Amino acid sequence: MSDSDSTLSPEPQRTIKIIFISDYVCAFCYIGNKSLKDAIAACRDLDVRFDVEFRPFTLLCQSSVPEVPKVKGEKVPNRRDYLVRKLGKEQAESKWKMIEELTQKAGLPLAEDGIVARSTLAHRLSVKAYKVGGQAMQGHLNDILFKAAFADCQDVSDVEFLADAAEKVGLMDKTEAITFLQDTDCKNCVNQMIDAARASGVNGVPSIIIDGKWALNGVQSTECYLQILRKIAQSSSMTECASVVSVES
């Protein structure tokens with residue numbers, strides 16, 4: 001080996017990009033977030049890095065849950081009642097039983113009920129977090145928002161709660177966050193991302209794109225993610241595209 005060969009820099013570590021399209025009021029996204037994190041944690045032995053970006057989607061329409069400020073003392077829609085109205089009692093109970101089983105398997109807490117709220121403000125904060133602090137900051141915020149929605153029965157559209165979350169992850173202080181949420185910063189970006197997802201055929205979440213080639217629709221197990229991530233990491237080029245049946249929330 002020559003002197004010049006010995007000074008060559010090592011090849012940069014390969015980055016596998018993962019786009020996770022989700023909604024904070026989607027129980028399957030809550031579960032999918034945990035499954036994906038567990039899979040990535042199990043890939044520490046691989047010579048790759050992962051860049052996970054959560055992108056927005058909204059499952060609730062304006063007519064079902066209006067996006068208006070809540071008056072103090074006003075009754076907010078609860079999840080059980082909303083599911084019964086949307087699906088009928090039998091299907092709603094069946095779906096909730098599935099959610100309970102999947103969250104238990106994933107080791108996630110799940111409250112008996114919860115608040116149904118539109119997630120546009122939460123998505124704006126999430127997009128901002130990724131822009132400012134990348135996947136680390138956005139991931140921390142995701143954990144707070146999903147836990148709030150499904151374990152703590154909190155309202156993820158509440159400005160005070162979201163401002164506290166922004167401060168907790170180091171995105172901005174509470175006063176700045178309230179101003180941000182009351183303004184329109186990142187609103188167009190969120191709307192464009194949602195429109196792009198729908199235009200590409202996404203009509204339910206979670207919807208995950210791995211390395212620009214693998215498309216996964218619906219809640220997946222850690223084992224499924226792990227198999228795909230290891231296969232991609234161990235291959236220099238992938239041409240396959242995997243698809244599974246979507247499970248809408």
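This structure is a prediction, so every number in the text was calculated from the model and none was measured.
C43 contributes atom SG, which lies 12.5 Å from atom OH of Y225 (distance to the nearest 0.5 angstrom).
A donor-acceptor pair under 3.5 Å is absent between the side-chain atoms of R118 and the main chain of T58, judged by distance alone. Under the 3.5 Å distance criterion, the side-chain polar atoms of N78 are matched with a main-chain donor or acceptor of D81. A donor-acceptor pair is defined here as one N or O able to donate and one able to accept, closer than 3.5 Å; such a pair exists between the side chain of E176 and the backbone of D173. Panel note: side chain S119, backbone A122; no donor-acceptor pair is recorded below 3.5 Å. Looking at S235, its side chain never comes within 3.5 Å of a backbone N or O of I232 through a donor-acceptor pair. Between the side chain of E53 and the backbone N or O of I19, no donor-acceptor pair lies under 3.5 Å. Without hydrogens or angle criteria, Q220 side chain to G218 main chain gives a donor-acceptor distance under 3.5 Å. Within the 3.5 Å criterion, the main-chain N or O of V25 finds no donor-acceptor partner in the side chain of R79.
Contact between I115 and C153 at its shortest, heavy atoms only, is CD1-O, 3.4 Å.
Cluster membership for L226 and V52, using ILVMFWY side-chain heavy atoms within less than 4.5 angstrom, is not shared. Follow the hydrophobic side-chain contacts under 4.5 Å out from Y82 and you reach M98 in the same cluster. Residues V127 and I144 fall into different hydrophobic clusters, defined by Ile, Leu, Val, Met, Phe, Trp and Tyr side chains chained together at heavy-atom separations under 4.5 Å. Following chains of ILVMFWY side-chain contacts shorter than 4.5 Å, one cannot reach Y130 starting from M137, and the two form parts of different hydrophobic clusters.
For the pair D51 and K17, the salt-bridge criterion is met [side-chain N within less than 4.0 Å of a carboxylate O]. One finds a salt bridge joining K34 and D38 here, because a Lys/Arg side-chain nitrogen approaches an Asp/Glu carboxylate oxygen to under 4.0 Å.
A 4.5 Å side-chain heavy-atom check between R230 and D45 finds at least one atom pair inside the cut-off. You'll find the side chain of L229 reaches within 4.5 Å of the side chain of F50, heavy atoms only. Using a 4.5 Å cut-off on side-chain heavy atoms (C-beta onward), N142 and F20 make no contact.
Remark: K168 pairs with no residue by the salt bridge (Lys or Arg N to Asp or Glu O under 4.0 Å) rule, at least two apart or across chains. Contacts of K174 classified as salt bridge (Lys or Arg N to Asp or Glu O under 4.0 Å), with partners at least two apart in sequence or in another chain: E160, D164.
Side-chain N/O atoms of N217 and S207 include a donor and acceptor closer than 3.5 Å.
Every pair passing salt bridge (charged side-chain N to carboxylate O under 4.0 Å, His left out) that includes a residue from residues 119-133 is listed here, sequence neighbours excluded: K128-D185. Residues in residues 97-124 take part in these ring pair (Phe, Tyr, Trp, His ring centres under 6.0 Å) pairs, two or more places apart or across chains: Y24-H123.
Counting Ile, Leu, Val, Met, Phe, Trp and Tyr side chains that sit under 4.5 Å apart, directly or through other members, V84 stands alone, with no cluster partners.
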Listing, residues 99-110 side-chain donor-acceptor contacts under 3.5 Å, not counting sequence neighbours, or none:
{"from": "E100", "atom 1": "OE2", "to": "W96", "atom 2": "NE1", "distance (Å)": "3.2"}
{"from": "T103", "atom 1": "OG1", "to": "I99", "atom 2": "O", "distance (Å)": "2.9"}
{"from": "T103", "atom 1": "OG1", "to": "E100", "atom 2": "O", "distance (Å)": "3.0"}

